[in-house]
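Okay, so here's the structure we're looking at.
Ligands are counted one by one from 1 in listed order, and the atoms in each one are counted from 1 as well.
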Amino acid sequence: MRISIALPSGRLLKDTKAFLEEVGIKVKEPDSRELISSLDSYTFYFPRVFDVPVYVENGVDLGICGSDIVLERKNEVYVPVDLPFGKCRMSLIVPKGKKISPEKMEGFKIATKYPEITQDFFLEKGIKVKILKLNGAVELAAKVGIADAIVDIVDTGNTLRANDLEEVYKIMDISAVLLVNRITQKTKFDFVNNLITKIRKIK
Ligand code: PRP
C-alpha cells in the first residue's frame, strides 16, 4: 500500500520532517526544483503551504499544515489531531499607539492573507469592515497606511516590534495539524488509525 503526503514547504518543513520521523515516516526532500519525492512506501508532495488542504481534499492521502490554513481554505478534509509544533497565534494588529477594540472598527480597512477568517471574525461581531487581501508582508500595509489594521500570524512578535505595531486582540491559537483525505480515512483506515494513535502518544 502506498501513502501520499502533502508537506508544507517553508518554515514548517523542518519540524514536520522531524515529527514524521518520530512516528516512523522518514521524509526525503526532492532534488533541486522537483516537487515530488519517494521513499519506502511514501510519496511526498511539496506544494505551497496554503495549498496543502486542496491537495488532500482532491486525492492526496495525508497532509500537514497550520490550522489557520485549514480554516481559511475551508476544504472538505478530515482533521483528526493537532500536532505539537507550529504553535503561534492569529491576531488583530494596529499601529503602535492606535489601540482600539474590534467592536469599534466599523468601516475599517483590514489587510490580511486570511480574508475568510477575518470576514468570519467581524461578521460574528456584527461589524462591517473592508478587507484588503494581500499575499504576504502584510505589516507593510499598516505601516504605509493603506489599511487601518491587519490580521496576521504572530510567533515571536519580532515582526510587530520591528514595524511599530501592536496586537489588540487574539483571534485564535494555531498549531500544525494532520489532514486526512475523506476516502483515505475509510479505505486505509488501519494505517490512519495507527498513525493517529502514535501521534497521540507523542503529544
Ligand atoms: C509570518 C507572519 C508575520 C511573521 C510573524 O510571515 O505573516 O509576518 O511570520 O512571525 P514573528 O512574530 O516571529 O515575527 P511569514 O514569514 O510566514 O511571511 P509573509 O510575511 O510572506 O506572510
* With a 4.5 Å heavy-atom cut-off, do I199 and L83 have their side chains touching? -> yes
* Taking the side chain as every heavy atom from C-beta outward, state whether L160 and E166 have any pair of such atoms under 4.5 Å apart. => no
* **Protein residues that have a heavy atom under 4.0 Å from any atom of ligand 1, sorted by chain and number** => R11, K113, G136, A137, E139, D152, I153, V154, D155, T156, G157, N158, T159
* Full working for ring pair (Phe, Tyr, Trp, His ring centres under 6.0 Å) between Y169 and F121 -> CA-CA 11 Å; Y169 194 92; F121 172 74; 5.4 Å; yes
* For Y55, does the OH atom have more than 12 heavy-atom neighbours from other residues, nucleotides or ligands under 6.0 Å away? -> no
* Is the NZ atom of K87 crowded by more than 12 outside heavy atoms at less than 6.0 Å? -> yes
* Side-chain donor-acceptor pair under 3.5 Å between S9 and R48, yes or no? -> no
